[in-house]
Amino acid sequence: YMSQTGHLIGGAVYNIQDSSRAYANFDVTDASLVDVGIQSQVSLTDKHKPIVDLTYRPSGDILSGRFSWSNDSTRLVGAITLDSIKDGKDMKHNEMVEARYKINSDTRATLRYDCGSSTATALVDYRMDADNLVRISANLKGSDTKSGAAELHHNFNGSNTVILGADWDAKNYSVTWKNPVEDGRWIVQYAFPFGANPKNGDLWVRRRYDF
């Protein structure tokens, strides 16, 4: 549920086999399909098993594809989005590439480039201890537009996580609670703009059920 739009979204995932699954999301409020997709792990060799993900959004006639490969220290991702695929003449596209590297047991670094918006992002995760992680990101769009974000992830009671965040691009603060349960997971997020009354924020609630 998202308070900003007043929409309730339901989703389902079906495991076709150990390496493949299909999924779909449905807008209960509008009684419409949000998206449908399939994800599969491709066995190229015993050590190289990339994951391919294809998603289609009917409302925007958008097809997106994502390719990811990882090993113990490195993760590489490539993604492409095609808009208005039924209209070949006006079809638009956007690409994204990402590389993540594990520097040591406590620190990970990520570099991402979005070709459509010409935005470069650098992100660093630093684990302070078993219960606390700090995430810092910086964005450079074009030649002079800069922004960033900071988050503190705190784990308590073994499985619950609270995330306190500030985003200078979206210009808002956020508080997120993640709680895994036996049959799924709860995620609750509340965000409000810089300089505004916290009561004037947006609430986002998600409940996942595992069968």
Side-chain angles (χ1 to χ4, degrees), residues 2 4-5 7 9 11 13 16 19-27 32-45 47-103 107-125 135-151 163 165-172 174 176 187 189 191 204 206:
M2 295 174 287
Q4 186 179 26
T5 60
H7 283 225
I9 308 296
V13 178
I16 302 171
S19 60
S20 301
R21 63 179 185 172
Y23 56 88
N25 292 291
F26 188 79
D27 190 325
S32 61
L33 183 66
V34 177
D35 59 29
V36 61
I38 186 169
Q39 183 184 87
S40 181
Q41 185 178 62
V42 181
S43 297
L44 300 180
T45 66
K47 294 184 178 181
H48 301 289
K49 297 181 179 181
I51 296 175
V52 178
D53 195 322
L54 293 175
T55 305
Y56 179 68
R57 296 177 63 90
S59 61
D61 190 25
I62 299 172
L63 178 67
S64 59
R66 184 181 179 92
F67 177 93
S68 62
W69 171 88
S70 61
N71 60 18
D72 293 338
S73 61
T74 305
R75 183 168 184 258
L76 303 176
V77 178
I80 184 171
T81 301
L82 303 174
D83 294 0
S84 304
I85 62 172
K86 294 178 182 179
D87 189 351
K89 293 182 179 179
D90 295 328
M91 185 174 63
K92 301 176 182 179
H93 62 89
N94 183 42
E95 296 79 27
M96 185 275 294
V97 291
E98 177 182 291
R100 182 182 302 174
Y101 181 69
K102 182 179 180 181
I103 299 174
T107 309
R108 298 174 184 268
T110 302
L111 294 176
R112 182 185 305 124
Y113 184 72
D114 187 297
C115 302
S117 62
S118 299
T119 302
T121 301
L123 186 149
V124 175
D125 288 344
R135 174 170 294 168
I136 303 293
S137 64
N139 302 318
L140 176 62
K141 184 176 181 179
S143 59
D144 56 2
T145 304
K146 305 175 181 66
S147 62
E151 293 180 347
I163 303 171
D167 190 326
W168 283 267
D169 187 21
K171 293 180 174 55
N172 66 20
S174 62
T176 306
I187 301 178
Q189 183 181 75
W204 183 84
R206 180 179 180 182

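As the structure is a computational prediction, the values presented were derived from the model and not from experiment.
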>> Checking Ser118 now: which residues fulfil side-chain contact (heavy atoms from CB on, under 4.5 Å) with it, not counting sequence neighbours?
In response: Tyr113
> Residues in side chain to side chain donor-acceptor pair (under 3.5 Å) with Asn172, at least two apart?
Replying inline: none
>> Once side chain to side chain donor-acceptor pair (under 3.5 Å) is applied, do any residues pair with Arg21, and if so which ones, sequence neighbours excluded?
In response: Gln39
>> So, using side chain to side chain donor-acceptor pair (under 3.5 Å) as the criterion, who are the partners of Ser32 when residues are at least two apart?
In response: none
>> Give me the atom names and distance for the closest heavy-atom approach of Thr74 to Tyr101.
In response: OG1-CD1, 3.6 Å
>> So, using side chain to side chain donor-acceptor pair (under 3.5 Å) as the criterion, who are the partners of Thr107 when residues are at least two apart?
In response: Asn104
>> For Arg100, give me all partners under salt bridge (Lys or Arg N to Asp or Glu O under 4.0 Å), at least two apart in sequence or on another chain.
In response: Glu98
>> Restricting to side-chain contact (heavy atoms from CB on, under 4.5 Å), what partner residues turn up for Lys102, sequence neighbours left out?
In response: Ser73, Arg108
>> So, using side-chain contact (heavy atoms from CB on, under 4.5 Å) as the criterion, who are the partners of His93 when residues are at least two apart?
In response: Leu82, Glu95
> Can you name the salt bridge (Lys or Arg N to Asp or Glu O under 4.0 Å) partners of Asp167, sequence neighbours left out?
Replying inline: none
>> How close do Asp114 and Gly116 get, counting heavy atoms only, and between which atoms?
In response: OD1-N, 3.1 Å
>> My understanding is that only residues two or more places apart in sequence, or in another chain, count here; which of them pass side-chain contact (heavy atoms from CB on, under 4.5 Å) with Ala150?
In response: Ile136, Trp168
>> Enumerate the side chain to side chain donor-acceptor pair (under 3.5 Å) contacts for residues 55-71, please, sequence neighbours excluded, ordered by first and then second residue.
In response: Tyr23-Thr55, His48-Trp69, Asp53-Thr55, Tyr56-Asp61
> Hey, are the side chains of Val77 and Met96 touching, using non-hydrogen atoms and a 4.5 Å cut-off?
Replying inline: yes
